[in-house]
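Read the structure below first, then the notes.
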Amino acid sequence: MTLMDTRVEDGYPTRITGTPEQLPRVHPTVWGTEADGPIDAATLAHHEVTGYTVDEGLLSPGEVQTYWQELVRLSSDEELRADERVITEAKTGEVRSVFDVHVLSDLIRELVHDPRVLDRARQILGSEVYIHQSRVNYMPGFKGTGFYWHSDFETWHAEDGMPSPRAVSCSIALTDNYPYNGGLMVMPGSQRTFVQCAGETPEENYKASLKDQRVGVPAEDDIMKMAAEYGIEQFTGTAGSALWFDSNIMHGSSNNITPYPRSNIFLVFNSVENELQEPFAASAPRPAFIAGRDSTPLKR
Ligand code: 6CS
Ligand code: FE
């Protein structure tokens with residue numbers, strides 16, 4: 001401990017060498033109240049308990065078309081393809097994700113400031129907010145690969161220095177999410193448990209983890225226990241619907257062998273009261289395109 005070690009106490013130790021444990025979340029899931037925004041009390045209560053909320057029809061069919069064309073533009077931009085913000089599928093080389101899309105795309109920047117989105121983020125987090133991470137996931141048909149079970153907060157805490165799980169993701173479906181085309185699975189209520197992960201964080205882990213995460217995934221025994229305690233629900237929804245989910249909810253998605261892509265815009269809002277510190281379990285912070293360090297509050 002240095003004299004001026006100003007970093008907050010690590011309430012969520014992870015990437016440990018011993019046997020991982022399940023720790024209680026000591027923070028609320030919802031920080032705001034009904035008076036703070038458009039979400040009614042019953043929906044807020046549901047989010048507090050389950051860790052997620054579905055907002056059907058956030059985007060109109062016309063808006064879905066507009067954003068879909070923007071995703072096509074981003075994924076077919078040959079110049080951008082060489083940029084480290086573009087992650088390709090290991091097997092096919094197809095675009096898997098594009099990060100920092102609220103910077104790369106004026107349209108998506110507008111969406112971040114849209115009251116239908118921004119006001120909900122502020123209400124759930126009970127404060128002014130800023131973008132921690134934005135991405136588009138393509139999950140192409142036939143060979144789209146999913147994401148193994150994980151808690152986003154476990155990575156954002158360990159590798160980005162996020163102190164507490166006072167962050168929320170908004171996943172906006174731009175294609176219909178069926179049960180069978182790689183839709184997101186969540187364990188409702190699992191955000192109330194922090195599952196430690198074993199294994200030291202390798203240098204520049206993000207270069208591998210964004211394609212196929214190996215470190216920072218829970219042990220099978222823990223997944224078994226969590227599934228027994230919380231169950232598994234599959235998010236399905238028509239294009240234009242949005243899923244708001246807590247940073248620490250256990251989630252994952254399966255591969256997509258159907259002809260139907262499962263593409264979404266993924267916006268992560270962090271509270272301005274939860275600014276990133278030094279990584280809690282990594283030797284160096286991840287680049288700003290994955291973990292934003294400008295906590296200037298977003299304005300409408
Ligand atoms: O490492 C990250 O920040 C990203 N990885 C996953 C699997 N989900 C959250 C986030 O986009
Ligand atoms: Fe995730």
Side-chain angles (χ1 to χ4, degrees), residues 50-78 80-81 85-102 104-105 107-108 111-112 114 116-117 133-150 152 169-188 209-213 217 223 227 231-245 249-268:
T50 64
Y52 74 89
T53 302
V54 177
D55 180 11
E56 295 286 353
L58 168 69
L59 299 181
S60 69
E63 287 176 310
V64 168
Q65 268 312 314
T66 305
Y67 285 105
W68 173 253
Q69 272 142 26
E70 184 68 349
L71 258 67
V72 171
R73 180 185 73 78
L74 288 168
S75 66
S76 39
D77 179 335
E78 282 312 315
L80 185 61
R81 180 69 68 100
R85 290 173 286 187
V86 177
I87 311 293
T88 53
E89 292 281 355
K91 285 203 191 95
T92 60
E94 275 193 271
V95 177
R96 170 176 165 87
S97 305
V98 177
F99 279 83
D100 227 16
V101 284
H102 70 293
L104 289 166
S105 158
L107 264 177
I108 296 175
L111 188 57
V112 162
D114 187 311
R116 294 171 294 174
V117 175
Q133 181 181 110
S134 71
R135 70 193 280 186
V136 290
N137 285 334
Y138 286 82
M139 184 68 86
F142 301 110
K143 294 193 178 68
T145 53
F147 298 87
Y148 191 68
W149 290 108
H150 64 283
D152 294 341
S169 298
C170 178
S171 174
I172 303 168
L174 291 184
T175 58
D176 290 341
N177 279 222
Y178 303 108
Y180 44 72
N181 67 332
L184 201 62
M185 294 176 283
V186 296
M187 295 188 188
S209 69
L210 297 180
K211 272 186 193 282
D212 181 9
Q213 187 175 0
V217 291
I223 295 170
I232 295 175
E233 283 187 13
Q234 173 106 48
F235 168 63
T236 55
T238 53
S241 55
L243 175 73
W244 289 86
F245 59 100
I249 199 168
M250 192 61 71
H251 66 287
S253 55
S254 46
N255 291 344
N256 180 16
I257 59 170
T258 73
Y260 316 117
R262 199 267 300 171
S263 305
N264 66 338
I265 297 174
F266 180 90
L267 305 172
V268 183

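We're numbering straight along the sequence, starting at 1.
In this structure, CZ in Arg85 is found 14.0 Å from CG in Leu210, a value given to the nearest 0.5 Å. In this structure, CZ in Arg96 is found 7.0 Å from CE in Met139, a value given to the nearest 0.5 Å. Here CD1 of Ile172 is found 9.0 Å from CG of Asn264. Values are rounded to the nearest 0.5 Å. To the nearest 0.5 Å, the span separating CG on Leu174 from OH on Tyr67 amounts to 9.0 Å. Interatomic distance, OG of Ser241 versus CG of Asp176, reported as 8.0 Å (0.5 Å rounding). Taking CG from Asn255 and CZ from Arg262, the interatomic distance works out to 11.0 Å, rounded to the nearest 0.5 Å.
Around atom OH of Tyr148, more than 12 heavy atoms belonging to other residues, nucleotides or ligands sit under 6.0 Å away.
Annotation: side chain of Val98 is not in contact with side chain of Asp77 (no heavy-atom distance under 4.5 Å). Side-chain contact between Ser134 and Val112 is absent, with no heavy atoms from C-beta onward closer than 4.5 Å. For the pair Glu94 and Tyr138, the minimum side-chain heavy-atom distance is 4.5 Å or more. Counting heavy atoms from C-beta outward, Gln69 and Arg73 have side chains that stay 4.5 Å or more apart. The side-chain heavy atoms of Ile265 and Leu71, taken from C-beta on, include a pair separated by under 4.5 Å. Taking the side chain as every heavy atom from C-beta outward, His150 and His251 approach each other to under 4.5 Å.
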